[in-house]
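Notes for the one structure printed next.
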Protein chains: 2
Amino acid sequence: MAVTIYDIAREANVSIATVSKVINNSGRISSPTRDRVHKVIDELDYRPNLLASAMTSKRTYTAGILIPDIGNPFYPDVIRGVEDFARQNNYSVLLCNTDDNLEKQLEYVELLKQKSVDGIIVAAVAASPERLIETLGDSLPTVVLARRIKDPNQQITFPSVVVDNFRGGYLATKHLIENGHSKISLLGESLHIESSQERMRGCIQALEEHFLALHSVEFCTRNLGFEGGYNATINLLKKTSPPTAIFADTDLLAFGGMKAAKELGYRVPDDISFIGFDNTALCTIVDPPLSSIAQPMYELGQRTMEILIGKISGLSVPELTVLDISLVERQSVKRITDV
Amino acid sequence: MAVTIYDIAREANVSIATVSKVINNSGRISSPTRDRVHKVIDELDYRPNLLASAMTSKRTYTAGILIPDIGNPFYPDVIRGVEDFARQNNYSVLLCNTDDNLEKQLEYVELLKQKSVDGIIVAAVAASPERLIETLGDSLPTVVLARRIKDPNQQITFPSVVVDNFRGGYLATKHLIENGHSKISLLGESLHIESSQERMRGCIQALEEHFLALHSVEFCTRNLGFEGGYNATINLLKKTSPPTAIFADTDLLAFGGMKAAKELGYRVPDDISFIGFDNTALCTIVDPPLSSIAQPMYELGQRTMEILIGKISGLSVPELTVLDISLVERQSVKRITDV
DNA sequence: GCAATTCGGGTTAGCGCTTACTCTTGATTT
DNA sequence: AAATCAAGAGTAAGCGCTAACCCGAATTGC
């Protein structure tokens, strides 16, 4: 069997309590004793069994993270941020893909509870989280990522970390306007998604500040990705008055849009400009490289984990953290000089 | 506090042993007793504490997975496969990004051991795994994904699940040949990577079967991604005799290559054809859509987890599992008719 | 009809730690 | 010099389970 705290105690001629104290740097131990114990620990290559430790101390140093689907290019960076911050604080993270399915979410929360995780990160949870809130309860530290959960009863609130989607929409549109565009259309994901709504609001705000109106709008129907963007853009461009620039809710949508435009004989960006959202790695790969609004995804993950650990440790944490967003210019937006 | 097995025992008028037996479906319990216990469990909404359970049963139903970086588009699907299979078997997975850094790998293995995981999946481990093997030891069930670990001392071997890279290289090249190409160049990742070597071997084999030779080769130097592909392709095309088709080790490399080709005035696929490897989601997004060799990434993850659980359960498992590969045709390869 | 099983369950000893509490000394206070 | 106290270490009670073992009663075999 593996070496236990008893082995160390015996070899160092102390009690297991003493060994425990030197390991956890608690209680009072004289330095000779401390050194002796450390020496034996090194000699026997002892590693405390974290399971046993968790049994008594009630801390597993493990957190769970619920995300819709790791296949969505939005998440890998976020997760990386979460995991890096976790590791730096001796935490591990249990990954749970829920496909935005309530049953799976509930199942996972129960499982994580049974595994006694110290806390949970809930990313991009569905619109009606009543049951999720209920099973989460108020005893398990939870932080919400990229969404806000509003409990209808105001019973329980969770700290959330989000990105300023409104400002993102604003920046994107302003960039288009500053490049001389006035016929600006919105290629939206869905009006049922909060972030999508916010981006649209930002877009409209920028437009209004310049006494402009949205030229046209199109939302995705079935598919919310590349294909959806393709189809919606076809609609946008086939209208009697097509736009000169399109602000897409998502890079993926923009990619689909660019494909549609090209197929309809438009040159990008000469005939039509595009700007995306998310600044995924793919932006540099497509032709032309897509200008996009960058979300600090890695930082999003990091901050969320930081807040979670804070909450676990009993610190008071901010109820809402809004991360800033920025414009990354590439070659998909053309300056229009003629009026 | 949460309800424990003692509460159930008391309410159901049985001993905790009996409760444990009905939970785990072990031992002999009469159906009246079983029903009574179940009823109380439901009433009190009891969930066994898996930590405590693991202490005695020595099974945590948790596995660790070491990957280089979740940001690499190769992994999300793999992980999804791992996680889905895990969940179906009551397992959870602890995600560990190692950046291919030996120190991080060792650290994580130690941590996972301390957390008493039942097994570990090691994905795409570095070339010289001696120290990793050493810390893994032979007591912790381990399965290697997308690599084979050859222990120089033949002391310990790990089951591995890989993809038939040789056949992939062969298929890609054959596809090019069948489309009339004879000036075929290889855009390789690195000769230090086993999969890269295998793909090249397959490529050469296909060529030889048609009495052809590799037209030229170029490997990446600093950057192994988009940029590396871009630079290497510039070299390839600036030679006195440029190829008519390029087989890239990786989709990302092919994307970089396509960009380089376009910039040098080539039309893709009219002047030069490209075929990639990995069949990432991006293939449909670029222009033209990239033909590629598809690896069954999800299945790769699934099978690996299946084998790991098998090993944990003491079953005998295959030492080597090779998954098949297939060609996905899109529009980046042009048929050449003139000789 | 009596020994041998089987059935249905209970007792109890841990798993490897943490922690509240206790005890012994030697130093400090007054 | 008696009382007080802090430092340094030990004792022991769990944490919530599992599993080996035990035991009486019912069932079986011959």
Side-chain angles (χ1 to χ4, degrees), chain A residues 1-38 40-41 44-62 90 110-118 139, chain B residues 1-38 40-41 44-62 90 110-118 139:
Chain A
M1 290 313 289
V3 16
T4 74
I5 203 172
Y6 286 94
D7 302 316
I8 305 301
R10 189 179 354 95
E11 295 300 315
N13 257 307
V14 293
S15 73
I16 58 165
T18 302
V19 179
S20 177
K21 283 171 197 161
V22 344
I23 291 169
N24 300 302
N25 245 309
S26 60
R28 318 172 181 287
I29 303 291
S30 68
S31 30
T33 317
R34 180 180 305 279
D35 292 347
R36 188 151 37 92
V37 171
H38 270 136
V40 176
I41 287 179
L44 301 191
D45 195 29
Y46 165 69
R47 320 277 163 136
N49 178 326
L50 262 24
L51 233 54
S53 160
M55 279 282 311
T56 37
S57 72
K58 303 294 175 203
R59 269 190 98 156
T60 53
Y61 287 93
T62 303
N90 283 313
E110 291 294 357
L111 181 63
L112 292 173
K113 275 184 177 175
Q114 287 191 244
K115 293 215 172 174
S116 308
V117 295
D118 293 340
S139 58
Chain B
M1 289 311 292
V3 14
T4 74
I5 204 172
Y6 286 93
D7 301 317
I8 305 301
R10 186 178 357 91
E11 295 301 314
N13 256 308
V14 294
S15 73
I16 57 165
T18 302
V19 179
S20 176
K21 282 172 195 162
V22 344
I23 291 169
N24 300 301
N25 245 309
S26 59
R28 319 169 180 289
I29 303 290
S30 69
S31 31
T33 319
R34 179 180 306 277
D35 292 347
R36 188 151 37 91
V37 172
H38 271 137
V40 176
I41 287 178
L44 301 191
D45 195 29
Y46 165 69
R47 318 277 162 138
N49 178 326
L50 262 22
L51 234 54
S53 162
M55 279 284 307
T56 36
S57 71
K58 302 295 176 202
R59 271 190 94 158
T60 53
Y61 286 93
T62 304
N90 283 312
E110 290 295 356
L111 180 64
L112 292 174
K113 275 185 177 177
Q114 287 191 245
K115 293 216 172 174
S116 309
V117 296
D118 293 341
S139 57

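A, B, ... follow the sequence lines: proteins, then strands. Residue 1 opens every chain. Since we're looking at a predicted model, the values are computed, not measured.
Within residues 19-30 of chain B, the residues that have a heavy atom under 4.0 Å from DNA chain C are, in order of number, Lys21(B), Arg28(B), Ile29(B), Ser30(B).
Taking atom CG of residue Asn13(A) and atom C1' of nucleotide dG8(D), one finds them 16 Å apart after rounding to whole Å. Rounded to whole Å, atom P of dG16(C) lies 9 Å from atom CG of Asp7(A). dC17(D) atom C1' lies 8 Å from atom OH of Tyr6(B), rounded to whole Å. In this structure, Leu51(A) places its CG atom 21 Å from P of dG14(D), rounding to the nearest Å. Residue Ile5(B) contributes atom CD1, which lies 14 Å from atom C1' of dT11(C) at whole-angstrom precision. Here dC17(D) presents its C1' atom at 13 Å from CD1 of Ile41(B), a figure rounded to the nearest Å. Following rounding to the nearest Å, Arg59(B) (CZ) and dA19(D) (P) show an atom-to-atom distance of 11 Å. The distance from atom CE of Met55(A) to atom P of dT19(C) is 13 Å, rounded to the nearest whole Å.
Residue Thr33(A) places at least one side-chain N or O closer than 4.0 Å to OP1 or OP2 of dA9(D). Close to dC17(C), at under 4.0 Å from its OP1 or OP2, lies a side-chain N or O of Tyr46(A). Residue Thr18(A) places at least one side-chain N or O closer than 4.0 Å to OP1 or OP2 of dG10(D). Under 4.0 angstrom from either OP1 or OP2 of dC17(C) there lies no side-chain N or O belonging to Ser53(A).
Taken to the nearest 0.5 Å, the NZ atom of Lys21(A) stands 6.5 Å off from the OG atom of Ser15(A). To the nearest 0.5 angstrom, Ile41(B) atom CD1 is 10.5 Å from Arg34(B) atom CZ. Once rounded to the nearest 0.5 Å, the distance linking OG of Ser116(A) with CE of Met55(A) reads 8.5 Å. Between the CG atom in Asp118(A) and the CG atom in Leu112(A) there is a gap of 11.5 Å [rounded to 0.5 Å]. How far NZ of Lys58(B) is from CG of Leu51(A): 8.5 Å, rounded to the nearest 0.5 Å. Note that the CD1 atom of Ile23(A) and the CD1 atom of Ile29(A) stand 11.0 Å from one another [nearest 0.5 Å].
Closest of all the heavy-atom pairs between Leu44(B) and Glu11(B) is CD1-CG, 4.0 Å.
Of the candidates Asp7(B), Ile5(B), Val40(B), Ile5(B) is the only one forming a side-chain contact (heavy atoms from CB on, under 4.5 Å) with Tyr46(B).
Within the helix from dG1(C)-dC30(D) to dT30(C)-dA1(D), the inter-axis angle between the opening and closing five-pair segments is 30°, rounded to 10°.
Judged purely by atom type and a 3.5 angstrom limit, Lys115(B) has no side-chain atom pairing as donor or acceptor with the backbone of Thr60(B).
Heavy atoms of Ile16(A) sit under 4.0 angstrom from at least one base atom.
Residue whose closest nucleotide on DNA chain C sits further toward the 5' end, between Ser31(B) and Thr56(B): Ser31(B).
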